[in-house]
Every structure is written in C-alpha cells, then in structure tokens.
Amino acid sequence: MPNSSGKTSANTLTKKVRVRFAPSPTGELHVGNIRTALFDWAYARHTGGSFIFRIEDTDTERVTPEYIQAAINTLKWLGLDWDEGPEVGGAHGPYLQSQRLDIYAEWAAKFLAQGDAYHCYCSAEELEAVREAQRKANVAPGYNGHCRNLTTEQISSFVADGRKPVLRMRMPDGSTTFTDLIRGDVTFEHQFVPDFVLARNDGSPLYTLAVAVDDVLMGVTHVLRGEDLLSSTPRQLRVYDAMGVKAEDYPLFAHLPFVMGQDNAKLSKRNGETSIAWYRDAGYLPEAICNYLALLGWSPGEDRENVTMKELTELFTVERVHSSPARFDMKKLEAINGDKIRALTIDAFYEWSMPFLTKSGVASESPEDIALVKSALPIIQERITTLSEIPALLNFLFVKDFAIESESAAKITDDASKQVLTISAERLTSLAAQGSWDHASIEAVLRTALIEELGLKPRIAFSALRIAVTGSHISPPLFESMELLGAEKSLARIRGAI
RNA sequence: GGCCCCGUCGUCUAGCGGCCUAGGACUCUGGCUUCUCAAGUCAGCUACGAGGGUUCGAAUCCCUUCGGGGCUACCA
C-alpha cells in the first residue's frame, strides 16, 4: 500500500538515513512525544542511519530553558541516544532553532526576493474579521490574498501608517500530492491551503519556515512525526520548492497515529498520566515504557510483544506502523513492567531498587543495610509490578520501632492465634539455640509443630505468624522473611504479639 | 462548516482474497498450584461499525453511509 509512486527510491536506497526528533518544549515531553521519539530513534538505529535531536524553540512565548533541559534528560533516561543535537553537537548545528535565526532570516529574504513570498500588512484584527465573515458565509476560512499583489503606492501607505508586515508564502494554484509512508498518497488542493505566514512582523520565524529549512539543511531523509502535522505537509513541501530542492530530494514523510487517553480523547492528565517523570518516580523501567510505547501503533508481528531495546531496533520498520490511533492502557504497561522487572539480573534489580529504598527512608547506604537489601531482593522480585512497591514490602526488615498494622493486629488476638504464637516461640527458640536459623529449618520445625501436631491448616497457622513477624497479612514468603530478620528479632516480635 | 486522516474482542494488536466457525497479549471470570501477596499454569467471556457491490469465495478490493480524530493561528 505505501508509496506506489516510486519517488521514495532516491531517499530509501541511495542516501544514508537521517531522522530527526524535533519537539517544541512548551511543556514536559509527554507520552505521545516519547512514542514519536522512540520510533524516530528505532528507525535510525534499524537502518544504521543518524538520529538527530533538534529543539524547536521558535515560540519564545511558551518555550522555557527548563523544559528544554527536561526533554534532554527524559530522552537520556529512556536510553534514546542521539548522534547529533544538544550536548553532542554535530556537523549540521546548531540544533536549537533559537540559535539559527540568521539562517531563517536569510532564506526569508531570498523567498521575498524571488517572489515566492510577499509582505502582508494585514493586522490581526483585520484577518480575524475576514475569517469571521468567511465563517458566516460558510466558506473555508483562510487568508484571502489581500496583500498578494500590492502596488508600491499601497506598500508606502502601509509603511507610512507604521504597519509592520509578516512574510507570507505564496501558494500557487494546483495541488500537492505526496506519498506518506504510512498512509499512502495524500493530496491537498491548494485552494484549501491558503498563503501561510513564514515570519512574524518582528522577523522571527514560524514553525513552517524553520522546520522546512532545518530539515533540508540538516539533510533529513525521513520525517516521522505525529499525524497532527499531516495537513501542514504541503506547506513544508512548498518551502522546499522555494529553497530550490528537487522533488526527488524531499524528505519522506510518515505520519504516526496518535496516542489517545482512556476515553478516546487526546492523552492528558485527566485520563492517564502523561509525564515521563511521573512514570520514573512510580517505579517504571525505561525499557518497559519503551517496549509498551512501541506496541502503540506498531507490532513486530508473529504474536511477539516482549522486545528489548536492541530487538526493537532490529525489528522496527515503518511498514509495520499502523495508521489508526491507539489508546494508552496503564494495565498493560504495568504487566510489561512486571515482566521486565522479573527479567532483571539481581544486580540490575538492586541498582534500580536502592534509590526507592533510600528515598523512602526504609534503608540507608550503610554496608549492613545494603547487604540485607541484596539478600532480600530475590524474594520480592517476582511479586511487584513497579519499583515503588519495594519499600512497603521490605520495611519490616529495617524498621526500628516495629508495630503491627492496625487492621492486621485484630486478627491475632484470639486464643487460637495466641496458641500458635506461643508454641512457635518455644520451638523456634530451640531451633535458634541450635544455630540453624535458615528458612528450610524454620519451615520444618513450624510444620511439625503447627500442621502435624496441632492439625492446623497452613494458611491459618502461618497467618498469625506472618502478622506477628512482618506486621502485615501481606508479606514476602514467611520463612525466608524470618531468616532475613534473624532469630533474635523474629522471636522478640512473636513473643511481643502473644 | 470546509479539507485531510482513521474504523478487527473492553484495550493493544495478528491478518494484506480461500490457511479465519478470526490468532496472540493485557484486563475480567473460574480452576489448578500455594504460608499471604504475587508468580506460574489451565479454561472461559468478548471483535471484523453499518449497508451495498466485485468475486466461486471478503476482515481483506470498490462505493455509500455512520462514527471518531486532526487541521482550518503572526502555536507546533
């Protein structure tokens, strides 16, 4: 289905692939942006091409340095490394559009001189009035070409009035057809693509100018971006043309489907978390986030889902990207995150876990704590879906002022529980005296005493012990927990609960 | 309103004319396992938006329609 026109060949076969991720940091990078970045990155890596990271900060009203830095940090944290861009430089820099203003000005002047663009003196109010009239008359709103062919007298008059012009691109009659790698041939009639503004009346460039100039100057071969930009493509192509780029040298476009929220609206705070920082703090692994996001609008086929970053770069092709939007599903992300956590080596699991333990104040960086954490991690690795669950699960091992959770405390006040705890305390004291405080021995002793001799059901008998020792009716495996806690503390807690 | 894009289980998807009484995953329900919680394992529920064509044969091709979304800025 994609590209039947054949004009893709020049770029796909003869040039080294260059893809760019070019966000406008008017806020934190959100899940949708990241999915785009991921696909850009994966495509570059898959083809052995270059991944370019460019900051589109021409909207000085909304872009801030903090957001730019946050975007850089987010990509780094996710493991999406770039070959050219902020912090690494490159042969086609600078990579912040705010540092390329003179370049845009040069091209703007050239377009004006060539007659491709013209000065438009209409005020914002006048333009709004035109649009309002068009809406009322039920015709397509858009610039009416008022200043297309001004006489020198008219221009002098506007200038004398102190009017500052914007620079407008002249759209010729006809239509533009391009082959979207995901959607196939798309055609726009120029009557629906009004002359558009390239530069504000203060001379500063707009997206339409900067994006096209940069993509050409940076040698971008493939533009993979959100489908919200699909209808701006004919404008970019128009700029390429004005720049003198031949049609066969235009970048190829692939407009990625949206990532939607639960309620089929654009993903936002209200219907699902969008900030990557939130996911990081909630204990999601970058690889899980990337794996999940990769599945939104793409699939490797063959019933495969779980892929590593490396496998993603090997398997990713634009041909397998969907054209329809995908809903973001937190449950699925959680499931994948759990899988990724379980797949971690114990050393890697430790590295990811420690920050959560120290930040919550459960464990310190002392050698004793570190040793205890390392020995405790194996018993919880398969029982969590996010790293943030770790502190609550291991707290009983470190807590100084041990106390049983109020809701659990009431469950061990009955006589049967007291009996279990009393007998357990006796037998375990003997076991401790023998110096064989390991989970297998603990289990053997307790099973003999409680299950065989008292005839209790395991879940009943061990429940009381679990609450007494860990303070909660939910905990890591009981016998392992007691071994890790040590005989002294374990026995003290059991006796304390009687 | 106009232009453009999109439409398979609740969700993500496989599917590119016969292999489909539509497969996988997540969710949900039930069973097994089990010291709690998980994990693991087995089973079940549930889908080609609708209507017309084309064809021996359509989820797959065409048309219409309905529905969803984007754009329509001196935002990107």
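Chain A is the first sequence line, chain B the second, and so forth, proteins listed ahead of strands; every chain is numbered from 1. For the numbers below, each heavy atom of this structure counts, side chains included, while hydrogens, waters and symmetry mates do not.
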Subject >> side chain to side chain donor-acceptor pair (under 3.5 Å) partners of residues 444-458 of chain A, not counting sequence neighbours, each pair once >> reply: A:R427-A:E453, A:E443-A:R447
**OP:** Evaluate side chain to side chain contact (heavy atoms under 4.5 Å, CB included) for A:L377 paired with A:I380, printing each intermediate quantity in order.
**Re:** CA-CA 5 Å; A:L377 286 177; A:I380 62 164; 3.9 Å; yes
For the [atom1] atoms, the ones on [N] and on [M], what distance do you get once it is rounded to whole angstrom?
| N | M | atom1 | value |
| --- | --- | --- | --- |
| B:rC74 | B:rU13 | P | 35 Å |
| B:rC28 | B:rG68 | C1' | 26 Å |
| B:rU8 | B:rA59 | C1' | 7 Å |
| B:rC4 | B:rA50 | P | 25 Å |
| B:rG7 | B:rU60 | C1' | 14 Å |
| B:rU36 | B:rA47 | C1' | 38 Å |

Mark yes when over 12 heavy atoms from residues, nucleotides or ligands other than [X] sit less than 6.0 Å from its [atom1]; otherwise mark no.
| X | atom1 | result |
| --- | --- | --- |
| A:K164 | NZ | no |
| A:E314 | CD | yes |
| A:D161 | CG | yes |
| A:E302 | CD | no |

Are a donor atom and an acceptor atom from the side chains of [X] and [Y] found within less than 3.5 Å of each other?
| X | Y | answer |
| --- | --- | --- |
| A:R225 | A:H255 | yes |
| A:N33 | A:T36 | no |
| A:D185 | A:T179 | yes |

In whole angstroms, how far is the [atom2] atom of [N] from the [atom1] atom of [X]?
| X | N | atom1 | atom2 | result |
| --- | --- | --- | --- | --- |
| A:H439 | B:rC35 | NE2 | P | 15 Å |
| A:E382 | B:rU33 | CD | C1' | 13 Å |
| A:H255 | B:rA76 | NE2 | P | 16 Å |
| A:E302 | B:rA14 | CD | C1' | 10 Å |
| A:M260 | B:rG7 | CE | P | 13 Å |
| A:E227 | B:rG68 | CD | P | 16 Å |
| A:L394 | B:rA38 | CG | P | 17 Å |
| A:D180 | B:rG70 | CG | P | 18 Å |

Contacts table for residues 288-301 of chain A: side-chain donor-acceptor under 3.5 angstrom, sequence neighbours left out:
| unit_1 | atom_1 | unit_2 | atom_2 | d |
| --- | --- | --- | --- | --- |
| A:N291 | OD1 | A:V307 | N | 2.9 |
| A:N291 | OD1 | A:K340 | NZ | 2.9 |
| A:N291 | ND2 | A:E305 | O | 2.9 |
| A:Y292 | OH | A:D329 | N | 2.7 |
| A:Y292 | OH | A:D329 | O | 3.4 |
| A:S299 | OG | A:G301 | N | 3.3 |

Any protein N or O atoms within reach of nucleotides 45-51 of chain B? Criterion: under 3.5 Å, listing atom names and distances.
none

Subject >> RNA chain B-proximal residues of residues 194-205 of chain A, any heavy atom under 4.0 Å >> reply: A:V197, A:R200, A:N201
Original post:
So which of residues 451-460 of chain A are in contact with RNA chain B, with a heavy-atom cut-off of under 4.0 Å?
Top reply: A:P458, A:R459
Choose from [options] the nucleotide whose nearest atom is closest to any side-chain atom of [X].
| X | options | answer |
| --- | --- | --- |
| A:R342 | B:rA39, B:rC5, B:rU36 | B:rA39 |
| A:D228 | B:rC6, B:rG70, B:rU36 | B:rG70 |
| A:R131 | B:rC6, B:rC75, B:rA73 | B:rA73 |
| A:R235 | B:rC4, B:rC37, B:rA76 | B:rA76 |
| A:I474 | B:rC35, B:rG69, B:rU36 | B:rU36 |
| A:V186 | B:rA76, B:rC5, B:rC35 | B:rC5 |

What's [X] touching, base or sugar-phosphate or nothing? Going by heavy atoms closer than 4.0 Å.
| X | answer |
| --- | --- |
| A:T187 | sugar-phosphate |
| A:T58 | sugar-phosphate |
| A:L465 | nothing |
| A:E389 | nothing |
| A:L230 | sugar-phosphate |
| A:S463 | nothing |

Could you let me know what [N] is paired to, Watson-Crick or G-U wobble, both distances under 3.5 Å, or none if it's on its own?
| N | value |
| --- | --- |
| B:rG40 | B:rC32 |
| B:rC56 | B:rG18 |
| B:rA50 | B:rU64 |

Original post:
Roughly how far apart are A:L29 CG and A:S275 OG, rounded to 0.5 Å?
Top reply: 10.0 Å
Original post:
What's the spacing between A:Q381 CD and A:T345 OG1 if we round to 0.5 Å?
Top reply: 8.0 Å
Check: protein-nucleotides 9-13 of chain B nitrogen or oxygen pairs below 3.5 Å:
| unit_1 | atom_1 | unit_2 | atom_2 | d |
| --- | --- | --- | --- | --- |
| B:rC12 | OP1 | A:R327 | N | 3.0 |
| B:rC12 | OP1 | A:R327 | NE | 3.1 |
| B:rC12 | OP1 | A:R327 | NH2 | 2.9 |
| B:rC12 | O2' | A:L295 | O | 2.8 |
| B:rU13 | OP1 | A:G297 | N | 2.4 |
| B:rU13 | O3' | A:S299 | OG | 3.4 |
| B:rU13 | O3' | A:H322 | NE2 | 3.2 |

**OP:** Carefully, step by step, assess A:F316 and A:F39 under the rule ring pair (Phe, Tyr, Trp, His ring centres under 6.0 Å).
**Re:** CA-CA 8 Å; A:F316 184 84; A:F39 283 18; 5.0 Å; yes
**OP:** Identify, between A:L333 and A:F258, the residue whose nearest nucleotide on RNA chain B lies closer to the 5' end.
**Re:** A:L333
Original post:
Do we get A:R168 above A:F196's six-membered ring, with its NZ or CZ under 6.0 Å from the centre and within 45° of the axis?
Top reply: no
Original post:
Can the positive tip of A:R459 be found less than 6.0 Å from the middle of the six-membered ring of A:F462, inside 45° of the ring normal?
Top reply: no
**OP:** Evaluate the criterion side chain to side chain donor-acceptor pair (under 3.5 Å) for residue pair A:Y104 and A:D214; output intermediate values, then yes/no.
**Re:** CA-CA 9 Å; A:Y104 309 130; A:D214 284 349; 2.5 Å; yes
Subject >> Passing candidate, salt bridge (charged side-chain N to carboxylate O under 4.0 Å, His left out) with A:D195, options A:R235, A:R170, A:R148 >> reply: A:R148
